[in-house]
Amino acid sequence: MKIAKPIHFNFQACLDFLNRGYDECLYSVNESVVRRLIRVTSGLVLIEISSDSVNINVSAHRIVSKTDEKEIISYVMDWFDVERDMTEFYALMKKHQQTKDFPIQYQGLRLMGIVDLFEALCWCVIGQQINLTFAHKIKTRLVNKYGESIKVDGQKYHVFPTPHSLLNVNKEDLVAMQFSKQKINYIHNISQAFCNNELNKNDLLKLTKPQQMDKLLAIKGIGPWTANYVSMKSLRDMTCIAYGDTGLSLSLHQVFNTERKPDKNTIDKVFKPFAGWESYLNFYLWKTLS
DNA sequence: AACCAGGTTATGC
DNA sequence: GCATAACATGGT
């Protein structure tokens, strides 16, 4: 399968982001290739994504139908945000002193998404108030125990657990994995919302932004930061700003010379010229930290 | 050794 | 309404 690369798309830059030094259990990056197990209607498929000068190339580990192919392509396009025309964003960054080098430094880096909304929400809860190394550690324990997997060439690949599988976990097992009781409850709440069909990505995408926020914030464990983060990474809203995020605060301080912990007003002022591209500016600012 | 991490909710004034 | 504690543990 092939996807034509649009302008302002740098596959290697995207891969470097995926491979930025954390132990990631849901995909593996090897130099110029990323492999990941995904779920399509017909079942699980291991896909391998690489790139040449004109295309993104996607292959599957087994025979797939035309319908499967469509779902796989759609997954990759979503994950790598392939369809977005970045021209305007790049022009905006060049126009402003503080960001004028970004188009060269981060050329073609796309806002890498989390296609599965359930995974995105759980990941936020897992990462709440702990360092990312530890967050990856406990996520790996969760995925290894409850996520479906297949073995290809002696290598095991996992998908993120389903809401049903996490709804039925033994809480003591999660304690043993070093989840806090609070995180365990939050993950339970989110699983329940998906199982009761109070929450699913397709329906959420049909709502307006404020309606989406209300739906998300109604669940105990999802606060403003998380609602915003999944809005950016999964629902693909382009106007998200991670207010109060420690990383964003630090990068704003370094790049825009704001105070160490800028208030909402200050942040809005910085983002104002990038209206419509807030999520991308936020993402690139995070990138300046690594 | 203390302080903080991709936060959120419960509680107290 | 706003400040503060509790959560759990590893990294720096």
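Every chain is numbered from 1, with letters handed out A, B, ... down the list of sequences.
Note on A/L248: nothing from the nucleic acid sits closer than 4.0 angstrom, heavy atoms only. Contact annotation for A/G221: backbone-only contact, meaning every heavy-atom pair under 4.0 Å involves sugar-phosphate atoms and none involves a base. Among the protein residues, A/R141 comes within range of no part of the nucleic acid, since none of its heavy atoms lies under 4.0 Å from any strand. Here A/I219 lies in heavy-atom contact (under 4.0 Å) with sugar-phosphate atoms only.
Side-chain nitrogen and oxygen atoms of A/T133 include none within less than 4.0 Å of the OP1 or OP2 phosphate oxygen of B/dA5. Contact annotation: A/K183 does not reach the phosphate of B/dT8 (side-chain N/O to OP1 or OP2, under 4.0 Å). Checking the phosphate oxygens (OP1, OP2) of C/dG10, a side-chain nitrogen or oxygen of A/Q178 falls inside 4.0 Å.
The shortest non-hydrogen separation linking A/A4 to A/N55 is CA-OD1, 3.4 Å.
Rounded to whole Å, atom P of B/dG7 lies 10 Å from atom NZ of A/K261. Between the CG atom of A/L111 and the P atom of B/dG6 there is a distance of 18 Å, given to the nearest Å. Distance, A/L217 CG to B/dG7 C1': 13 Å, rounded to whole Å. Between the P atom of C/dC7 and the NZ atom of A/K220 lies a distance of 19 Å, rounded to the nearest Å. One atom, CZ of A/R260, and another, C1' of B/dC4, lie 13 Å apart when rounded to the nearest Å. For A/F134 and B/dG7, the CZ to C1' distance is 15 Å, given to the nearest whole Å. In this structure, the CG atom of A/L285 is 16 Å from the P atom of B/dG6, given to the nearest Å.
Of the P atoms belonging to C/dA5 and B/dC3, the separation is 13 Å, rounded to the nearest Å. Separation of the P atoms belonging to C/dA6 and B/dG6 is 23 Å when rounded to the nearest angstrom. For B/dC4 and C/dT4, the P atoms lie 14 Å apart once the distance is rounded to whole Å.
Put simply, the side chain of A/D245 and the base of B/dG6 share no donor and acceptor less than 3.5 Å apart.
Using cut-offs of 30° and 60° for the angle between ring planes, the A/W225 and A/Y229 rings count as parallel. Classified by interplanar angle (parallel below 30°, tilted 30° to 60°, perpendicular above 60°), the ring pair A/F9/A/F80 is tilted. In this structure, A/F89 and A/F274 have perpendicular ring planes: the angle between them is above 60°, well past the 30° mark.
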Test side chain to side chain donor-acceptor pair (under 3.5 Å) on A/Y146 and A/N168; report intermediate values, then the result. CA-CA 10 Å; A/Y146 299 108; A/N168 297 319; over 6 Å; no
Strand DNA chain B as a dot-bracket string - pairs counted if Watson-Crick or G-U with both distances under 3.5 Å, | where the partner lies in another strand: .||||.|||||||
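Side-chain contact, A/K2 with A/N57: a donor N or O sits under 3.5 Å from an acceptor N or O.
Cation-pi geometry between A/R110 and A/W79 is not satisfied (NZ or CZ under 6.0 Å from the ring centre, within 45° of the ring normal).
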